[in-house]
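Report on one structure; see the data block that follows.
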Amino acid sequence: MDLKSFIRDIPDFPKPGIIFKDVTPLLKNPEAFKGSIAELKKAASEWNFDIIVAPEARGFIFAAPLALEMNKGFVPIRKPGKLPYKTISKSYSLEYGNATLEMHIDAIEKGSRVLILDDVLATGGTIKAIAEMIEEAGGEVVGIITIIELSFLEPRKKLDKYRVEALIKY
Ligand SMILES: O=P(O)(O)OC[C@H]1O[C@H](OP(=O)(O)OP(=O)(O)O)[C@H](O)[C@@H]1O
Ligand SMILES: Nc1ncnc2[nH]cnc12
């Protein structure tokens, strides 16, 4: 399936100079949405992992159906102040600013094998912060999968010690 045809470019969002990759047309089309989960499953099936970790908000949309489809658990990474128990927190920079994410301190078992999933890999700042939190908790990052990779931002330079797969590259 040509998933790329369901991704829309929005220039100058959220800031001048950023071309925002909008996945809402893909989500609105049931065949394209199902197709994206099927392709993520195909890529993720290559790896031996116990759990899927993904950040809010767009990461959740793809991670929850993939986790159910692959019979894996799901760990949410959230924006500050949203998780109710004790957290690990990490600040980082992304394509259009700075941000902080949090994970429950007991979300990852020591030695567990983790797949990180998100919609867009841009600078790689978000995924790197998540990988560091997983490792601080004693987990092993076995792979990173995204729907979209903005290769021209060279995110893999930040993530060179990990295996990274992306369904669509720009
Ligand atoms: O590779 P990076 O430069 O770090 O950028 C990628 C991140 O940016 C977007 O999230 P955003 O923080 O905008 O949150 P949202 O999903 O709530 O829109 C996107 O969903 C990725 O998580
Ligand atoms: N250009 C972009 N489009 C959509 N999401 C993003 N997250 C970071 N950069 C992005």
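Reckoned from all heavy atoms, side chains included, excluding hydrogens, waters and symmetry mates. Both ligands and their constituent atoms are indexed starting at 1 by order of listing. Just so you know, these numbers come straight off a predicted model, no measurement behind them.
- Every atom of ligand 2 with a heavy atom of A122 under 4.0 Å away is listed here by number and element: 8 (C), 9 (N).
- Remark: minimum distance from atom 9 (N) of ligand 2 to any protein heavy atom is reached at E95 OE1, 2.5 Å.
- Given atom 7 (N) of ligand 2, the protein heavy atom at minimum distance is Y96 OH, 3.2 Å.
- Residues forming a ring pair (Phe, Tyr, Trp, His ring centres under 6.0 Å) with F6 (at least two apart in sequence, or on another chain): none.
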N/O donor to acceptor pairs below 3.5 angstrom from side-chain atoms of residues 66-93, sequence neighbours left out:
| unit_1 | atom_1 | unit_2 | atom_2 | d |
| --- | --- | --- | --- | --- |
| E69 | OE2 | K41 | NZ | 3.2 |
| K72 | NZ | F49 | O | 2.8 |
| R78 | NE | E56 | OE2 | 2.9 |
| R78 | NH2 | E56 | OE2 | 3.3 |
| K90 | NZ | E136 | OE2 | 2.5 |
| S91 | OG | T100 | OG1 | 2.8 |

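- In this structure a side-chain-to-backbone donor-acceptor pair under 3.5 Å is present from R156 to V164.
- By the rule that hydrophobic residues join a cluster once side-chain heavy atoms approach within less than 4.5 Å of another member, M133 and L159 end up as members of one cluster.
- For R58, the side chain to side chain donor-acceptor pair (under 3.5 Å) test picks out Y96, D119, with sequence neighbours left out.
- Note on F33 and L167: same hydrophobic cluster, where clusters join Ile, Leu, Val, Met, Phe, Trp and Tyr whose side-chain heavy atoms are under 4.5 Å apart, directly or indirectly.
- The number of heavy atoms from other shown groups lying within 6.0 Å of CD1 (I19) does not exceed 12.
- Closest to atom 3 (N) of ligand 2, if we only count protein heavy atoms, is K21 N, 2.8 Å.
- If you look at T123 next to ligand 2, there are no close heavy atoms at all, none under 4.0 Å.
- At a threshold of 4.5 Å between non-hydrogen side-chain atoms, the residues I148 and V23 count as touching.
- Contact analysis leaves L94 out of contact with ligand 2, as no non-hydrogen atom separation drops below 4.0 angstrom.
- One N or O on the side chain of D50 and one on the backbone of R113 form a donor-acceptor pair closer than 3.5 Å.
- Of all protein heavy atoms, the one lying nearest to atom 5 (N) of ligand 2 is R58 NH1, 3.0 Å.
- Annotation: ligand 1 has protein neighbours E56, A57, R58, K79, L94, E95, Y96, D118, D119, V120, L121, A122, T123, G124, G125, T126, each with a heavy atom less than 4.0 angstrom from the ligand.
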